[in-house]
There are 2 protein chains.
Amino acid sequence: MDTIGHHYIVEAAGCDPNVIGDANKIREIFLEAAKRGNMEVKASYFFKFSPMGVSGVVIVAESHISVHTWPEKGYAALDVYTCGENADPEKAVDYILEQFKAQYAHVSEIKRGIEEEDRTFTHTILTWEERLDRRNGKP
Amino acid sequence: MDTIGHHYIVEAAGCDPNVIGDANKIREIFLEAAKRGNMEVKASYFFKFSPMGVSGVVIVAESHISVHTWPEKGYAALDVYTCGENADPEKAVDYILEQFKAQYAHVSEIKRGIEEEDRTFTHTILTWEERLDRRNGKP
C-alpha cells in the first residue's frame, strides 16, 4: 500500500463532559466515525481512568483513531490517521467533534509518508483553528 | 492530571525490514521502550498485514505509542505521545529508532493540551531531521 497518510491532530475544547467521560459512548462514536470515514476496523480498546478521563484507540487498516480526554476541562486530544485513497478522515473528525459537542478545535493536518528521491520520508503540516459552537450547539 | 502532553510524530526511513515486518519483535521493542520512557502500559495490540506490514499500538496511562510499517520501503510511521511529568518520551523514541536500525528520521514534536485563558486548547510544533546511520549502524 502507498505510504502516504493523512493524520489529523486535534485539540478539541468545550466538549460535553458527559460524552467525553463515558468510555462506552466514545466507543460507539468511534466505530460510527470509522464507518463514515470508510475505514476497516481491526480492533478497539477503551480505558476509563479514576476518577475521570478516558483513553481509547481504534485500529483501522494501516492507521488508527485515538483519543485521551479530560472531562473536567472539556478537553479531548484526538488523532485520526488514515492511509490509502478510500478513507475519508475528515468525515470521521467532523463526526467525532459534532458528537463530542466541541465548541472549538485547534487542528494540524499532517501529510505523512512523503517519499523523497533518496528513500527518506518526510511530512508536511497545515494548522488551523475552528469555532464550532454554531454548528455543534452548546453541550 | 495536567493536560500538557508531548507527541512525537516520526517518519523513520532505512529501517531493517526484518524488524519492522515482525509484529512480535515490534511488541517487544515497544514494551521495553515504554519501560525506558517510564510509562505505565495498560494494553497493547499488534496486527500483521498480508503480505507485509505491521500496525501496533500500546496504550500507556493517558497516552499511547503507535506504529504502522512498510517493510518493503524500510519506512515506519511512529507516534509516541505521553502526558505528565514522569514520562520521558524522547527516551522511548530513541530506543525504538535504534532497534528499528533507522538511518534517517523526520520528526515533529507537538506540545499538546496548552490551555488558553478562554478555556480553549492549542498545540505548538517543532520539526527537525536527524541522520542516524552512524549511531544505529546499517541494517
Side-chain angles (χ1 to χ4, degrees), chain A residues 1-3 5 7 9-15 42-47 49 52-64 66-70 72-79 81 83 103-108 110 112-116 118-125 127 129 131, chain B residues 1-3 5 7 9-15 42-47 49 52-64 66-70 72-79 81 83 103-108 110 112-116 118-125 127 129 131:
Chain A
M1 191 189 243
D2 190 22
T3 55
H7 190 156
I9 304 268
V10 184
E11 317 297 323
C15 301
K42 298 289 184 186
S44 67
Y45 179 81
F46 291 82
F47 181 82
F49 287 93
M52 50 175 68
V54 173
S55 278
V57 174
V58 174
I59 308 245
V60 295
E62 278 157 332
S63 34
H64 66 268
S66 70
V67 76
H68 307 287
T69 72
W70 286 257
E72 73 279 18
K73 300 266 191 184
Y75 167 61
L78 172 69
D79 287 56
Y81 175 24
C83 297
Q103 304 297 300
Y104 174 89
H106 182 97
V107 183
S108 289
I110 307 184
R112 303 183 67 166
I114 303 167
E115 191 168 4
E116 303 290 337
D118 57 358
R119 304 267 290 170
T120 64
F121 291 82
T122 62
H123 56 233
T124 58
I125 304 177
T127 299
E129 297 178 5
R131 282 193 55 183
Chain B
M1 192 190 243
D2 189 22
T3 55
H7 190 156
I9 304 268
V10 184
E11 317 296 323
C15 301
K42 298 290 185 186
S44 67
Y45 178 81
F46 291 82
F47 181 82
F49 287 94
M52 50 176 68
V54 173
S55 278
V57 174
V58 174
I59 309 244
V60 295
E62 278 157 333
S63 34
H64 66 268
S66 70
V67 76
H68 308 287
T69 72
W70 286 257
E72 72 279 19
K73 300 267 192 183
Y75 167 61
L78 172 69
D79 287 56
Y81 175 24
C83 296
Q103 304 297 298
Y104 174 89
H106 182 96
V107 183
S108 288
I110 306 183
R112 302 184 67 166
I114 303 167
E115 190 168 4
E116 303 290 336
D118 57 358
R119 303 267 291 170
T120 64
F121 291 82
T122 62
H123 55 234
T124 57
I125 304 177
T127 299
E129 298 177 6
R131 281 192 57 183

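All chains are named by letter (A, B, ...) in the order of the sequence lines, taking the proteins before the strands, and each is independently numbered beginning at 1.
- Under the ring-ring contact (aromatic ring centres under 6.0 Å, His included) criterion, A:Tyr45 pairs with no residue, sequence neighbours left out.
- Both the backbone and the side chain of B:Ala61 come within contact range of chain A, with heavy atoms under 4.5 Å apart.
- Using a 4.5 Å cut-off between heavy atoms, B:Thr120 touches chain A through backbone and side chain atoms alike.
- Among the candidates B:Ser63, B:Cys83, B:Ala105, the residue making the largest number of heavy-atom pairs closer than 4.5 Å to chain A is B:Ser63.
- Partners of B:Tyr81 according to the ring-ring contact (aromatic ring centres under 6.0 Å, His included) rule, which considers only residues two or more places apart in sequence or in another chain, are A:His68, B:His7, B:His64.
- Counting heavy-atom pairs closer than 4.5 Å to chain A, the top-ranked of the candidates B:Val54, B:Leu78, B:Ile114 is B:Leu78.
- Of the two parts of B:Glu72, the backbone and the side chain both hold a non-hydrogen atom closer than 4.5 Å to a non-hydrogen atom of chain A.
- Below 30°, between 30° and 60°, or above 60°: for A:Tyr75 and B:Phe121 the angle between ring planes is below 30°, a parallel geometry.
- Residue B:Val67 does not touch chain A at all, counting heavy-atom pairs closer than 4.5 Å.
- Counting heavy-atom pairs closer than 4.5 Å to chain B, the top-ranked of the candidates A:His123, A:Met52, A:Glu129 is A:His123.
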Inset, instruction - Could you go through the side-chain contact (heavy atoms from CB on, under 4.5 Å) check for B:Ile125 and A:Ile9 one step at a time? - result: CA-CA 11 Å; B:Ile125 304 177; A:Ile9 304 268; over 6 Å; no

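- With a 4.5 Å cut-off on non-hydrogen atoms, A:Thr3 touches chain B through its backbone and its side chain both.
- If you tally non-hydrogen atom pairs under 4.5 Å between each of A:Asp79, A:Val10, A:Thr127, A:Val107 and chain B, the highest count goes to A:Asp79.
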Inset, instruction - Check step by step if side-chain contact (heavy atoms from CB on, under 4.5 Å) holds for A:Tyr104 and B:Thr122. - result: CA-CA 10 Å; A:Tyr104 174 89; B:Thr122 62; 4.2 Å; yes

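- Both the backbone and the side chain of B:Ser108 come within contact range of chain A, with heavy atoms under 4.5 Å apart.
- Of the inter-residue distances, the one linking A:Glu115 atom CD with B:Glu11 atom CD reads 11.5 Å to the nearest 0.5 angstrom.
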